[in-house]
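I have placed the structure first, in the form of structure tokens, so that the comments after it can refer back to it.
Letters go in sequence order (proteins before strands), and every chain restarts at 1.
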Protein chains: 2
Amino acid sequence: MARAATTTDTFNAVAEPRRREILDALTQGERPVNELVELLGLAQPQVSRHLRVLREVGAVDVRDEGRQRLYRLNPQALKPIHDWVSGYQHLWDERFELLDDVLADLKQEDTQDEGSGQ
Amino acid sequence: MARAATTTDTFNAVAEPRRREILDALTQGERPVNELVELLGLAQPQVSRHLRVLREVGAVDVRDEGRQRLYRLNPQALKPIHDWVSGYQHLWDERFELLDDVLADLKQEDTQDEGSGQ
DNA sequence: TTATCATATACCCATATGGATATGTGTGCC
DNA sequence: GGCACACATATCCATATGGGTATATGATAA
């Protein structure tokens with residue numbers, strides 16, 4: 001088996017730069033495919049396919065408006081990613097260093113308590 | 001051209017579930033390949049290659065210790081991802097809704113000022 | 001109805017995986 | 001030196017892209 005299907009996983013869907021561009025563009029509000037094609041400077045079929053992937057992972061929603069299809073951002077879909085990387089934030093963010101130290105100290109004390117048989 | 005090389009981009013590197021598992025495991029501290037092989041239940045060559053990818057995007061560092069190679073997490077590499085998704089956080093997090101409303105109001109006032117000639 | 005606009009699909013193709021397996025390389029132990 | 005151990009690489013292979021181009025579908029305008 002090659003890589004996991006990108007349509008299965010938000011991480012994969014968002015790993016593609018063009019798709020991130022699309023999402024970024026949609027933070028400005030609903031947009032028809034047409035407009036995204038111009039913004040990305042990519043051919044329409046490719047944009048449509050990227051949008052399909054984003055739809056399948058729930059990162060965007062569609063709405064029919066005449067002969068256009070308006071795509072809208074569905075930010076909740078990105079929450080899992082945010083949750084995941086946030087777990088690492090304390091490892092690089094100095095604002096968390098003090099807290100880390102405190103926790104380390106507490107853990108140390110616990111260990112000593114156990115060691116001394118409580 | 002197919003997908004952008006995973007070794008080029010942290011987003012791609014992290015899009016692979018196994019590689020996320022590796023990073024998660026490394027939050028506990030340095031580990032030899034050996035140990036990661038057991039943890040992931042994946043063959044050693046595959047683990048080595050995932051580690052190579054992670055090294056190439058700077059997500060992990062290596063250190064030689066006798067005949068072992070100890071891999072260590074390099075959390076800063078994940079910061080770009082965190083920065084990117086954080087830009088979306090206000091779109092789903094209700095704690096930001098009030099702030100958004102305020103900003104929207106301010107923007108509204110600006111627009112009216114412009115409209116009135118100012 | 002027919003032509004046209006806005007999209008979505010269908011293919012084709014080159015390329016990048018990821019896993020499996022075999023083998024190369026460096027280090028410590030006898 | 002010779003061998004086992006811990007990893008890293010090299011190949012092979014099936015599969016999943018992503019872009020390019022042609023075409024189908026749906027709605028609206030003429």
Contact under 4.0 Å: B/Arg52 side-chain N or O vs D/dT9 OP1/OP2: yes
How many Å lie between CD on B/Gln68 and P on C/dT27, as a whole number? 14 Å
Between B/Arg49 and A/Arg69, name the one whose nearest nucleotide on DNA chain C is closer to the 5' end. A/Arg69
A side-chain contact here means heavy atoms from C-beta on lying under 4.5 Å apart; do B/Glu21 and B/Leu42 qualify? no
Rounding to an integer number of Å, can you tell me how far B/Asn34 CG sits from D/dA4 C1'? 14 Å
For D/dA8, take OP1 and OP2 only and decide whether either is under 4.0 Å from a side-chain N or O of B/Tyr71. yes
Minimum-distance pair of heavy atoms, taken over all atoms of B/Leu51 and B/Val60: O-CG2, 4.0 Å
Between C1' of D/dC7 and CZ of B/Arg55, the distance in whole Å: 10 Å
Measure the distance from CG on A/Leu42 to P on D/dG18 and round it to the nearest whole Å. 11 Å
Comparing A/His50 and B/Glu35 on DNA chain D - which has the more 5′ nearest nucleotide: B/Glu35
Exactly one candidate in A/Val62, A/Val47, A/Leu23 meets side-chain contact (heavy atoms from CB on, under 4.5 Å) with A/Tyr71; the answer is A/Val62
Atom CD of B/Gln76 with >12 non-hydrogen neighbours under 6.0 angstrom: yes
Rounding to an integer number of Å, can you tell me how far A/Leu40 CG sits from D/dG18 P? 13 Å
Counting any heavy atom closer than 4.0 Å, what does A/Pro45 reach on the DNA or RNA strands: base, sugar-phosphate only, or nothing? base
Candidates D/dG19, C/dA6, D/dC7 - which lies nearest the side chain of B/Gln44: D/dC7
Atom pair distance, as rounded to whole Å: CG in A/Leu36 and P in C/dA6: 14 Å
Any side-chain donor paired with an acceptor under 3.5 Å for B/Tyr88 and A/Asp24? yes
What is the distance from CD of B/Glu30 to P of D/dC7, rounded to the nearest Å? 12 Å
What nucleotide among C/dA10, C/dT21, D/dG19 has an atom nearest to a side-chain atom of B/Gln46? C/dT21
By nearest heavy atom, map A/Arg18 and A/Arg67 onto DNA chain D; which one lands nearer the 5' end? A/Arg18
Compare side-chain N and O positions of A/Arg19 against OP1 and OP2 of D/dG18 and report whether any pair is under 4.0 Å apart. yes
Please state how far atom CD in A/Glu65 lies from atom P in C/dT7, giving the value in whole angstrom units. 11 Å
